[in-house]
There are 2 protein chains.
Amino acid sequence: MTSADTPLKPCHGPATEQDAPRRGRPRSEAAEHAIFGAVEKLMEDGVGLAELSIERIAAEAGVGKATIYRRWPNKEALLVDVVDRLEEPMPPLAGPTYRDDLISAVDYMRRRGLIKRSRWIVKSALGQMNSWPELKQTYHERVVRPRRELIRQIVRRGVEAGELRSDLDVELLCEMLIGPILLRTVLWDDAPLEDPDLPRQMIDAALDGLAAR
Amino acid sequence: MTSADTPLKPCHGPATEQDAPRRGRPRSEAAEHAIFGAVEKLMEDGVGLAELSIERIAAEAGVGKATIYRRWPNKEALLVDVVDRLEEPMPPLAGPTYRDDLISAVDYMRRRGLIKRSRWIVKSALGQMNSWPELKQTYHERVVRPRRELIRQIVRRGVEAGELRSDLDVELLCEMLIGPILLRTVLWDDAPLEDPDLPRQMIDAALDGLAAR
DNA sequence: TCGATACGAGACGGTTCCGTATCGTAACGG
DNA sequence: CCGTTACGATACGGAACCGTCTCGTATCGA
């Protein structure tokens with residue numbers, strides 16, 4: 001027993017500076033930046049989740065493996081933190097009408113879809129959903145659920161205001177409104193997302209219907 | 001050089017019986033069934049693509065590794081064949097109107113989405129798209145492209161008949177029509193697909209619009 | 001019957017990665 | 001100055017898997 005005497009804290013997550021002030025050399029914040037940066041660079045280079053090993057991350061970051069293991073117990077925990085870190089909060093919805101809110105919410109998803117890191121996480125998370133429950137849960141809680149909740153809230157506002165059809169299930173309404181943009185984001189990597197007017201087109205088309213008058 | 005004398009055919013794909021009739025013991029068709037069956041069972045058990053090793057497939061199939069390597073040069077080729085094999089042809093479209101065709105096409109996707117193997121492939125393929133070009137290409141050619149083409153064809157028919165809006169991009173029309181069903185299939189694993197009336201609801205909602213009158 | 005090939009099983013060397021431990025050095029508190 | 005902790009680097013044992021090869025056996029054509 002060599003390491004049982006040195007009570008390494010099980011320190012989940014990157015260095016949280018609270019706690020009792022450490023005595024020796026403090027954790028290097030630069031190392032942490034380098035680690036996160038390395039993961040993001042590898043993701044942007046199209047490295048698959050399977051090829052994303054701790055050793056490769058350490059090499060890319062110019063960091064010793066121990067520096068990673070000092071912060072996270074394993075690859076899984078690191079990636080959960082990466083997912084957690086990359087998601088920015090939803091934009092505030094201040095539109096005068098529910099339609100403006102819908103458009104800005106869809107535009108938020110469009111802009112997220114333009115970020116390669118973001119797409120990488122979606123796709124990788126999907127493939128690991130069944131065999132990696134913790135990533136699934138983190139992804140759902142941090143990404144999927146807030147978006148669904150936001151849309152649901154806007155839709156409910158529209159229904160209550162009598163401007164959205166009340167004969168349709170709210171869930172169905174939500175899916176009809178955000179399905180197309182997510183389709184472009186996740187499934188069709190060649191589909192264009194650059195047009196800033198795309199969300200307006202989509203929402204108006206969904207609201208007005210696709211049938212000719 | 002021991003194996004250079006025995007000219008093993010590079011035999012890509014599972015045993016194609018054409019060719020010159022082999023001389024020795026023929027390939028066991030049962031072994032092939034067992035191999036495909038094992039892959040499909042593992043997929044249904046939620047085993048991730050990364051955990052899907054040749055050794056595990058062989059063990060699950062009750063088959064020697066050599067029996068697999070005799071048919072495919074590596075795991076990649078095997079999985080490409082699995083993807084190729086699992087996709088059934090699109091249903092014939094004989095509906096009297098473009099709306100019927102739309103509904104039946106969407107219903108086809110709904111029924112595919114109920115099959116766990118099918119969902120597994122979608123999700124796994126998505127995560128490997130960047131780092132595994134051959135799987136990406138096979139998946140696109142065998143799954144994505146036919147479906148897009150089918151929808152595009154129906155939509156074009158509707159536009160030409162003057163029943164679908166002609167002021168919208170055809171691509172956008174397609175995405176609006178199939179986005180919701182794909183969203184349920186790929187992203188929300190808890191979303192219900194069982195209702196056989198779902199495609200009709202979706203298509204009619206998309207055609208009529210979501211705005212209250 | 002005999003040569004050829006396939007079969008299941010598994011040994012084999014090689015590779016990659018895991019997570020730990022150990023260097024010598026560097027940065028903090030007392 | 002000294003004890004403590006982190007740093008980058010790297011060695012280590014163990015595990016999993018790759019793709020090849022070799023068993024003894026089974027099944028075909030000639």
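To find a chain, count down the sequence lines: A is the first, B the second, and so on, and within it residues start at 1.
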Practice problem: For Arg71(B) and dT5(C), give me the distance from atom CZ to atom P, rounded to whole Å. | Solution: 15 Å

Quiz item: Has the side chain of Asp204(B) got a donor or acceptor atom that lies under 3.5 Å from a matching backbone atom of Leu207(B)?
Solution: no

Quiz item: Would you call Glu171(B) and Arg152(B) a side-chain contact if the rule is heavy atoms closer than 4.5 Å?
Solution: yes

Self-check item: Between Gln137(B) and Glu141(B): side-chain donor-acceptor atoms closer than 3.5 Å
Solution: yes

Quiz item: What's the CG-C1' distance between Leu78(A) and dC18(C), to the nearest Å?
Solution: 14 Å

Exercise. Identify which nucleotide among dG19(C), dC7(C), dC18(D) has an atom closest to any side-chain atom of Tyr69(B), counting heavy atoms from C-beta outward.
Key: dC18(D)

Quiz item: Hey, does Val122(B) have a side-chain heavy atom less than 4.5 Å from the side chain of Thr185(B)?
Solution: no

Quiz item: Tell me: CD of Glu55(B) to P of dT20(D), nearest whole Å?
Solution: 13 Å

Practice problem: Using a 4.5 Å cut-off on heavy atoms from C-beta on, say whether the side chain of Arg110(A) contacts that of Pro196(A). | Solution: yes

Quiz prompt | Heavy-atom side-chain contact between Glu87(B) and Pro146(B) under 4.5 Å | solution = no

Output side-chain donor-acceptor pairs under 3.5 Å for residues 53-66 of chain B, partner residues at least two apart or in another chain, one line each.
from	atom 1	to	atom 2	distance (Å)
Ser53(B)	OG	Arg56(B)	N	3.2
Glu55(B)	OE2	Lys65(B)	NZ	2.9

Quiz item: Considering the terminal five base pairs at each end of the helix from dT1(C)-dA30(D) to dG30(C)-dC1(D), what angle separates the two local helix axes, rounded to 10°?
Solution: 10°

Quiz prompt | Side-chain N,O (Arg23(B)) to OP1/OP2 (dG3(C)) below 4.0 Å | solution = no

Self-check item: Donor-acceptor under 3.5 Å (Thr138(A) side chain, Leu135(A) main chain)
Solution: no

Show me, pair by pair, the donor-acceptor contacts under 3.5 angstrom made by side chains of residues 40-51 of chain A, not counting sequence neighbours?
from	atom 1	to	atom 2	distance (Å)
Glu40(A)	OE2	Arg85(A)	NH2	3.0
Lys41(A)	NZ	Asp45(A)	OD2	2.7
Glu44(A)	OE2	Arg117(A)	NH1	2.8
Glu51(A)	OE1	Gly48(A)	N	2.8

Self-check item: Length of the line joining Arg27(B):CZ and dA6(C):P, which is rounded to integer Å
Solution: 5 Å

Quiz item: Rounded to whole angstroms, how far apart are CD1 on Ile35(A) and P on dA6(D)?
Solution: 13 Å

Quiz prompt | Pairwise side-chain contact, Gln128(A) with Glu76(A), heavy-atom cut-off 4.5 Å (strictly under) | solution = no

Exercise. Quick one: list whatever passes side-chain hydrogen bond (donor to acceptor under 3.5 Å, both in side chains) with Ser118(B), sequence neighbours left out.
Key: Arg112(B)

Exercise. Taking only heavy atoms on the protein side, list every residue of residues 58-68 of chain B lying under 4.0 Å from any atom of DNA chain C, sorted numerically.
Key: Gly62(B), Val63(B), Gly64(B), Thr67(B)

Quiz item: Any idea which of dC28(C), dA6(D), dT20(C) is nearest the Pro26(A) side chain?
Solution: dC28(C)

Quiz item: Please give, in whole Å, the distance from dA30(D) P to Arg25(B) CZ?
Solution: 18 Å

Practice problem: Please list residues of residues 41-54 of chain A whose heavy atoms come under 4.0 Å from any atom in DNA chain C, ordered by number; otherwise none. | Solution: Ser53(A), Ile54(A)

Self-check item: For atom CD of Glu32(B) and atom C1' of dC7(C), their distance in whole Å
Solution: 13 Å

Quiz item: Among the nucleotides dG8(C), dG19(D), dC7(D), which one has an atom lying closest to any side-chain atom of Ala31(B)?
Solution: dG8(C)

Practice problem: Starting at atom CG of Leu79(B), determine the distance to atom P of dC18(D), rounded to an integer number of angstrom. | Solution: 11 Å

Quiz item: Is any side-chain heavy atom of Ile154(B) less than 4.5 Å from a side-chain heavy atom of Leu93(B)?
Solution: yes

